[in-house]
Amino acid sequence: MHSLLQDLRYGTRMLAKSPGFSAIAILTVALGIASTSGVFSIVNAALLRPLRYPDADRLMAVWERLPAGFNSNVSAQNYLDWRDQNTVFTYLAATAHSDLDLRGNPPTRLDADAVTPNFFSAVGVQPERGRAFREDEARSPAHVVIISHAIWKSNFGTDPEIIGKAITLNGESWVVVGVMPQGFGLIRGGQVWIPLAFGAEQLNRNYHHLLVVGRLRPGVTVAQANAELTTIAKRLAAAFPETNAGRGAIAIPIRDELVGSGTRLLILILFGAVGFVLLIACANIANLLLAKGMTRQKEIAVRISLGATRIRIVRQLLAENVAIAAAGGLIGLLGAWSGVKYLGQLPVLQTPGAPEVSVDSGVVIFVIAVSALSILVFGLVPAWQISKVNLQDQIKAAARTCVGTGRHERLRGALAIAEVALSLVLVTGAGLMVRSFLKVRQVSPGFNSSNLLTMNVVLAPQRYHTPEAVRGFYDALLARVRALPGIISADISSTLPIIGESAGTPFRRENQSKDASTRQGANYLVVSENYFRTLHMPLLWGRSFTQNDSASSSPVVIINRNLAESLFKGEDPIGKKLIIPTRPVDRFGFGLEVAREVVGVVADVKDEGLDADPIVDIYVPSEQSPFGWEYLVARTEGKAASQVAAVRNAIAAIDRDQPVEDIATIDERISDSLGPRRFSMQLLSLFAAIALLLAAVGTYGVVSYSVAQRTAEIGLRVALGAQPSNVFTMILGKAVILTVVGTAVGTLVSWQ
C-alpha cells in the first residue's frame, strides 16, 4: 500500500510538471465520461431503476388480445370473470378514463380515472391523506373523490382540512376522501380518482373501455400468468362466441408499457453511440501518453538499470493514469449532472411512474467503473509499450536527439486511424438520422396543415347527458366560431390526425358473419359535415357529408382509401353497407350495431404520425352519432394562434363553465410528434461532432510529435537545400495517409 501511494504521489507530481499535457488529457477523459454518463442516466432511469411503485416488477397491465395481434381495452364482464377465475394475481383492478370539470376562472377539465376499490392496493400506493375507496362506494350513488397532490396544491392551497370537504365537479357536489402522494400516476397522469361502478351498459361484453392492472402473487412468473389468462380466455370464447371468439388475454409488465420497444431501441442506440465517443477519447489519451512516454525512455532505462522490473515500471505509469482518470471522471460527473435536464426531455421519462433522470448512486458507480476501465483502455497498452526499453539501443541513442521507435510510431498511427474510423461511423449514423428526420418532416400528412387551430372541447355528461344537448352545444359552437372575423371555416372531430389518439371500433360488411374472430377494426371518427373541406382532405369518390345527414335520415359513413382498397378489393365501395356499433355520448365503448351506407371515400391521412403508415378510418356524421368529446378545428386567414382568445370567448358565451383544453395548431402538433426523433438526432449529431473533434486532435497529436522527433532531420534537409514546400508536403502527407486510411476503414464499417 505504501509503494502504491508513493506511485500516486509521484504520478501527480509528473502531471503537474506538464500542465498543458495534463489539461488536454483530463478534459478529453472528462468529455468522454460526461457524454457516456449522461446517456447512462437515461438508461438507468428507463431500463434499470425500479418504477415508483412497491415491487414494481410484479405490476402488470392486462389487456384483451385481438386475433390480429393487437391489444385492446377490456370489457367489464371479461374483467370480472378474470378477477374471479384467476389464481395468479393478488389483486386484479380496473380503471376507466373519464373527465370532470372543475368550476373556476377559467374552468378546468381534470383527467379523472374511475377505479375499482382495490385499485390502490393493486398499485401498492395509498393516499397520503385520508383513505382509499370502500367496496360499498362503488355500488352507492354517493359522490366521493380522491385528488392528486398537484390539484390539492394548485386549486385548494394545500388546505389541511381538505378531507371531508365538498367540491364541485361537473356541477355536482363531491366529497374529498383522500389526497394521493406527489407525482402519483399510472401510465397516464390522473388528477382525480372516483369509484368505478358497472351499470347495465358497461356490463355488455362489446363495451371495451377498461385498463386492467394486476399484481402478481409472489413467485408467479409473467409466463405462468399468461398461461392461465389464455386458459380463461378460451373458456370465455367457448361460452360467449359472439363477443369473445378469437379474443385472448395477455399480461405485460408495466415497465414495458412505459418504455416501448421503439424507445428502448433508441436509448440503446444512443448508449452505443456514446460508447464510441468514450473509445475515441481513450484512443486519444493513449496516443498522447505514447508520445509523451517516448521522451521518458532514458529515465525508464536508468530505472531498469538500477533494478526496477518491467511490472514496477508499468505500475508507476498506470499510477499517473489514475490521476488523469480520477480528475476526468470527477469533471465528467459534474458535466453529466448539469446535462440531465436536457437528457430528461425524452418523452417516456416524463410518464407517470417512471423515475426521473438524475445523477444518483447508480450513475456515480457507473462513472467510477468507467473511469477505472478507461485506465486500462488508454493506459495499459501505452504503459506496456513504453516500459519495453532496450538498454543498448538507449546507449547508442544517447548522442542522438531523435527519440522514439518505429514500433511506437506505428502504434500511434493505428490509434489515430481507429479514432478517424470510429468518428466516421458516428458521423455516418448521425447523417443518416438527419436525412431520415428531414425526409419524415417532408412527408405530407394527407391534408393542408397550415393555419389550422385546434382545441379539445369535452362536454360533461352530467350537464350534456342527451344526444340533443350534445348536438345543440356543438351546433351553437360552430355557428359562433364560423362567424368570427378571420375564421375561414370551422368543424369538429372526435380525434385529430397526427396525434395517434385513435378510437378503435369493430366493423364488418353487411351479410358477413357476426363471429367476433372475423371482425376487423378501424379508427372511428365523429365529424361535422364540412370537416374534409376545412382540412383540405381530397374526396376521391362519392360525396361528402351534408346537412341532410341528420339523426332522422339513413345512417351513412365515409371511409378512407386504405379501408376501401383492403376491404372491397377493386369493387366500387359507394352504396355498400358496413355494420358498425354506435358510439355513446360519453365516448366510452360502443352500443348497438347499425348498418351504414358508404357514401364517400377520402384520401388517407397520417393518424399516428408522419413516420407511421396510414391506418383504416371510418368517418361518421356528428348529427347521427353525437359525441361529447370533440376537437374544434378552425382554418384561419392569418396566424392560427392569434384566434385563440376569440374562440375561447365564443365558447364562454355559450357556457361559461365549459373548459377548453389542449390548444395548439396542427403544425405545432406535427412538430411535437417528431420530438423523440428530433431529440435523438440532435444528441447523436452532438456525439458525432465531439468524436470528430477528438479524432482531429488525435491526428494532430500524432503529426505534431512526429515533427518534434524529426526536428534535426528537417533542419538537415533544409540545410541541404530542401524547399519549405517539400518539407510541408512531407509532414502533411502523414496526416493525409492517416486520415485516408481511417476514412476507408470507417466507410467499410459503416457500409456493413
Side-chain angles (χ1 to χ4, degrees), residues 35 38-47 111 183 185 187-189 255-274 336 338-358 429-447 449-456 495-502 605-615 631 633 639-641 644 661-689:
S35 303
V39 176
F40 177 77
S41 67
I42 295 179
V43 176
N44 188 39
L47 306 180
D111 286 329
I187 298 181
R188 51 186 175 231
R255 181 182 289 279
D256 292 347
E257 290 292 331
L258 295 175
V259 186
S261 58
T263 302
R264 186 186 302 269
L265 179 61
L266 167 63
I267 292 173
L268 294 178
I269 288 175
L270 290 177
F271 193 51
V274 80
S338 63
V340 292
K341 288 186 179 180
Y342 172 73
L343 297 174
Q345 293 176 16
L346 199 63
V348 67
L349 301 172
Q350 300 168 8
T351 305
E356 65 179 23
V357 180
S358 62
L432 290 174
M433 192 165 284
V434 170
R435 187 180 69 173
S436 174
F437 176 83
L438 294 177
K439 280 189 174 182
V440 170
R441 191 65 185 84
Q442 294 169 358
V443 169
S444 170
F447 60 95
S449 64
S450 62
N451 298 331
L452 278 178
L453 176 66
T454 65
M455 57 186 68
N456 199 200
T495 187
L496 295 174
I498 299 299
I499 65 175
E501 197 177 75
S502 58
V605 297
K606 296 287 190 175
D607 292 296
E608 298 185 333
L610 295 179
D611 54 352
D613 293 331
I615 60 177
Y631 282 92
V633 185
K639 290 185 178 181
V644 171
E661 302 289 334
D662 195 14
I663 302 173
T665 67
I666 285 289
D667 284 335
E668 288 171 341
R669 296 186 188 279
I670 291 175
S671 179
D672 290 344
S673 73
L674 296 173
R677 189 182 283 269
R678 183 186 300 107
F679 177 89
S680 59
M681 176 194 69
Q682 292 171 342
L683 205 56
L684 191 58
S685 298
L686 174 63
F687 295 154

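With a 4.5 Å cut-off on side-chain heavy atoms, Leu453 and Val644 count as touching. With a 4.5 Å cut-off on side-chain heavy atoms, Leu610 and Gln442 do not count as touching. Side-chain atoms of Arg677 and Met681, non-hydrogen and from C-beta on, never get closer than 4.5 Å to each other. In this structure the side chain of Ile498 reaches within 4.5 angstrom of the side chain of Pro445, judged on heavy atoms.
Taking all atoms of both residues into account, the shortest heavy-atom contact from Val434 to Ser685 is CG2-OG, 3.8 Å. Shown here for Gly38 and Ala336, the closest heavy-atom pair between the two residues is N-CB, 3.9 Å. For Ser41 against Val357, the heavy-atom pair with the smallest separation is OG-CG1, 3.3 Å. Phe687 and Val39 get closest at one heavy-atom pair: CZ-CG2, 3.4 Å.
In this structure, the side chain of Thr454 does not engage the main chain of Val633 through any donor-acceptor pair within 3.5 Å. Arg441 places no side-chain N or O within donor-acceptor distance of the main-chain N or O of Leu674, the cut-off being under 3.5 Å.
Atoms CD1 and CG, on Ile499 and Asp607 in that order, are 9.5 Å from each other to the nearest 0.5 Å. Put simply, OG on Ser35 and CG on Leu683 are 8.5 Å apart, with the number rounded to the nearest 0.5 Å. Going from atom NZ of Lys606 over to atom CG of Asp611 covers 8.0 Å, rounded to the nearest 0.5 Å. One finds the CD1 atom of Ile670 at 8.5 Å from the OG1 atom of Thr665 (value rounded to the nearest 0.5 Å). Ile666 contributes atom CD1, which lies 5.0 Å from atom CZ of Phe447 (distance to the nearest 0.5 angstrom). Interatomic distance, Ile267 CD1 to Ile42 CD1, rounded to the nearest 0.5 Å: 6.5 Å.
Side-chain contact, Ser449 with Arg669: no donor N or O sits under 3.5 Å from an acceptor N or O.
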